Amino acid sequence: MINDIPRVRFAPSPTGYLHVGGLRTALYNYLFARNRKGKFILRIEDTDRNRYVPGAVENLISTLSWAAIDYDEGPDKGGEYGPYLQSERLDIYKEHADILVKNKKAYYCFCSSERLTSLREVQQKQNIQSMYDKHCLDLSEEEIKHNLSEGLPYVIRLNVEHGKKIKFNDHIRGEVEFSSDVVDDQVLIKTDKYPTYHLANVVDDHLMKITHVIRGEEWLSSTPKHVILYKAFGWETPVFAHLPLLLNADRSKLSKRQGDVAVEDYKNKGYLKEALVNFVALLGWTAGDDKEYYDIDELISSFSLDRVNKSGAVFNIEKLNWLNEEHLRKKTDAELLQMLRSELKDSRYSGQEYTDEYLLKVIGVMKERVSFIKEIFEKGFYFFEEPASYEEAGVKKRWNIQSAEILKQYAEKIEQVGSPTKEDYENTLKDTATHFNTGNGNVIHPLRLAVSGVGGGPGIFDILYIIGKEKTLSRIETIIKKLT
RNA sequence: GGCGCGUUCGUCUAGUGGCUUAGGACGCCGCCCUCUCAAGGCGGAGACCACGGGUUCGAAUCCCGUACGCGCUACCA
């Protein structure tokens with residue numbers, strides 16, 4: 001096995017959307033596979049029919065594809081070891097459960113849910129570990145046959161031999177040991193003939209030749225069951241690597257209640273996939289140096305399971321924001337243009353037409369000032385519409401008794417220039433200041449207020465040049481009317 | 001309750017016995033740049049390395065215990 005090429009899998013349950021924790025698990029599997037020139041498989045664990053969500057698989061696949069985490073085998077791609085949907089592998093699980101029953105490693109159980117519940121209640125009252133009492137283990141061959149022919153509902157349970165030590169080596173945590181006394185006779189096949197996760201994942205991982213099981217820490221406690229299963233089948237166990245959990249700010253397991261957990265949410269908010277992937281990769285893994293900015297190829301080449309941390313990591317949105325800015329700044333203007341065009345459709349300016357040339361100019365002056373491309377429409381609204389009002393603090397601080405007169409003269413001078421360049425706007429402004437025997441600031445700030453309505457933003461001459469002479473003049477006229 | 005895992009600045013982390021008066025990043029604060037806002041540059045505050053014992057000439061680093069946190073404890077994954 002060790003000499004085989006690594007084969008890893010991401011095995012989500014289709015509950016409706018991809019959780020960011022799931023994204024990280026998928027990513028680590030992907031990075032590991034690509035780094036080691038192995039194979040990455042997507043397998044859908046849809047054995048819980050009560051939790052079936054229509055469209056969830058498609059959603060999962062499209063989200064993974066958005067994040068550019070591609071796999072070599074999967075439900076929509078096929079592969080040598082399919083099908084990759086567990087609901088299509090029922091016969092395989094049944095067949096394997098039968099083998100276990102035959103070898104006395106598993107047994108039929110006809111206990112009612114009522115009996116199970118009361119058993120659990122009694123155990124809890126006595127404050128002892130709640131576990132199945134092996135009641136049906138001693139059923140005779142005849143009884144089983146009889147019950148089966150009667151059509152009684154049944155499950156198949158794993159027969160756990162007590163008094164043993166179950167040890168396994170976790171690649172991230174080292175040796176972990178459990179007593180088999182605390183391992184329950186887990187249901188392997190449910191009444192509805194579907195397997196439980198425990199059976200299905202062991203059978204599939206073996207049949208699909210998975211070499212490394214990289215999954216969340218929430219699975220660590222049930223790994224002994226899986227180890228027992230591998231042994232019962234006489235199979236070699238894969239390498240286990242249990243990833244630390246992603247946490248809320250209060251250090252509980254990352255949940256919906258405390259913010260966004262769906263990858264889609266981040267996508268919709270305008271986060272770049274490069275940033276989300278970069279960020280999530282750093283939650284629990286480090287190359288050991290000071291590098292924080294990674295593109296996907298750098299992640300692939302430096303990723304190693306050996307450097308995955310043991311403790312949970314709080315999902316800190318501030319750092320994600322920073323990474324988003326960093327990745328945004330690495331984009332070319334042509335890429336930004338494409339993004340801006342697509343955001344334009346969803347903005348309140350969707351009805352307006354802009355040339356590439358115009359948008360490119362806006363991008364040029366705004367890209368250093370935004371964390372998200374769509375913010376160009378918010379922070380730079382004055383490139384798309386006239387300011388409806390003027391920032392109060394700005395008016396108070398920058399607008400004085402002389403401002404209207406100054407702007408009026410500036411407008412008159414600009415009027416004379418055929419088609420002003422950036423330099424024309426600047427030189428004219430200096431002339432105006434000189435004329436009034438005042439500092440440039442006394443022209444610049446009222447002017448900025450006039451054309452943008454706000455106190456901050458790109459260089460004033462850039463703004464004027466971009467919106468053009470006509471709008472510059474009309475906005476000056478408007479502010480004079482409104483503020484005097 | 002039982003079992004398991006974890007615990008270095010607010011957060012993500014470096015650190016694998018002496019190089020550490022614990023390094024970096026995000027965030028925060030200040031300065032510079034500057035027409036403003038950003039970006040950028042420079043600097044600052046911020047961790048008695050959960051606590052208590054040991055081992056050692058020497059421990060954030062090794063061992064034991066305690067506390068706290070989290071996970072699991074389903075015919076859910």
Side-chain angles (χ1 to χ4, degrees), chain A residues 11-15 45-48 50-51 86 109 111 113 116-117 120 123-124 126-132 153-157 170 172-173 176-179 181-184 186-198 200-201 215-224 242 244-245 247 249-253 279 282-293 309-323 325 329 365-371 379 394 397-398 426 429 439-445 447-449 452 454-461 463:
Chain A
S13 166
T15 52
E45 311 239 330
D46 57 347
T47 55
D48 183 359
N50 299 320
R51 289 216 285 178
Q86 289 187 329
C109 170
C111 288
S113 59
L116 261 18
T117 309
R120 204 168 5 248
Q123 288 167 332
Q124 269 163 6
Q126 292 172 220
N127 241 335
I128 57 173
Q129 168 111 27
S130 72
M131 275 214 276
Y132 182 61
Y154 67 90
V155 299
I156 294 176
R157 286 183 181 274
D170 185 275
I172 293 168
R173 284 149 221 285
V176 182
E177 185 184 300
F178 288 81
S179 161
D181 296 354
V182 302
V183 181
D184 201 0
Q186 184 65 47
V187 168
L188 264 21
I189 298 282
K190 300 181 265 188
T191 310
D192 64 6
K193 307 279 197 296
Y194 276 66
T196 55
Y197 170 84
H198 303 97
N201 111 81
R215 76 223 310 187
E217 195 194 332
E218 67 267 29
W219 294 110
L220 191 60
S221 299
S222 37
T223 304
H242 288 95
L245 260 22
L247 272 25
D250 66 359
R251 305 203 75 85
S252 56
K253 187 173 163 182
F279 174 64
L282 258 21
L283 251 27
W285 169 84
T286 163
D289 52 23
D290 290 339
K291 191 171 167 63
E292 305 260 11
Y293 177 94
N309 287 137
K310 294 177 170 70
S311 52
V314 173
F315 192 93
N316 176 218
I317 199 97
E318 241 118 47
K319 194 148 187 172
L320 206 209
N321 290 155
W322 170 71
L323 277 170
E325 291 166 21
R329 300 214 167 95
V365 297
M366 288 305 290
K367 63 179 176 184
E368 292 291 323
R369 276 164 253 263
V370 296
S371 305
K379 292 191 172 171
K397 191 173 173 194
R398 307 292 196 184
E426 183 165 0
L429 186 135
N440 292 344
N442 283 328
V443 190
I444 287 173
H445 298 297
L447 187 54
R448 175 182 291 285
L449 221 41
S452 77
V454 293
I460 184 65
F461 308 114
I463 298 178

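Computed from a predicted structure; not experimentally measured. Hydrogens, waters and symmetry mates play no part in the numbers below; they use all other heavy atoms, side chains included. All chains are named by letter (A, B, ...) in the order of the sequence lines, taking the proteins before the strands, and each is independently numbered beginning at 1.
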Taking the P atom in each of B/A60 and B/U21, what is the distance between them to the nearest angstrom? 10 Å
In 5'-to-3' order, the base (B), backbone-only (S) or no-contact (-) status of each nucleotide in nucleotides 61-77 of chain B, using a 4.0 angstrom heavy-atom cut-off, is ---------SBSSSBBB
Is the base of B/C5 touched by the side chain of A/Arg173 through a donor-acceptor pair closer than 3.5 angstrom? no
For A/Leu429, is there any backbone N or O sitting under 3.5 Å from a side-chain donor or acceptor partner on A/Asn440? no
Is A/Lys319 paired with A/Glu292 through a side-chain N to carboxylate O contact shorter than 4.0 Å? yes
Applying a 3.5 Å limit to both distances, which nucleotide forms a Watson-Crick or G-U wobble pair with B/U66? B/A50
So, A/Asp250 side chain and A/Ser252 main chain: donor-acceptor pair closer than 3.5 Å or not? yes
Which word best sums up how the rings of A/Phe315 and A/Phe279 line up, parallel for under 30°, tilted for 30 to 60°, or perpendicular for over 60°? perpendicular
Taking only N/O atoms, report every protein-nucleotides 47-50 of chain B pair under 3.5 Å with atom names and distance.
none

Going by salt bridge (charged side-chain N to carboxylate O under 4.0 Å, His left out), name the residues that satisfy it together with A/Glu218, two or more places apart in sequence or in a different chain. none
Kindly point out which of B/U36, B/C3, B/U11 is positioned nearest to the side chain of A/Arg448? B/U36
Are the aromatic rings of A/Tyr197 and A/Trp219 close, with centres under 6.0 Å apart? yes
Same-atom distance (C1') from B/C64 to B/U55, integer angstrom: 11 Å
Scan nucleotides 39-43 of chain B against the protein and return all N/O pairs shorter than 3.5 Å with their distances rounded to 0.1 Å.
unit_1: B/A39; atom_1: O2'; unit_2: A/Glu368; atom_2: OE1; d: 2.6

Distance below 4.0 Å between A/Asn309 side-chain N/O and B/U13 OP1 or OP2: yes
Please enumerate all protein N or O atoms sitting under 3.5 Å from an N or O of nucleotides 31-33 of chain B, with distances to 0.1 Å.
none

Heavy atoms under 4.0 Å, any strand shown: does A/Pro153 hit a base, just sugar-phosphate, or nothing? nothing
B/U34: pairing nucleotide in any strand, Watson-Crick or G-U under 3.5 angstrom: none
Starting at the 5' end of RNA chain B, which residue's closest nucleotide do you reach first, A/Glu292 or A/Val314? A/Val314
Hits for salt bridge (charged side-chain N to carboxylate O under 4.0 Å, His left out) against A/Asp48, two or more places apart or cross-chain, chain-then-number order -> A/Arg51
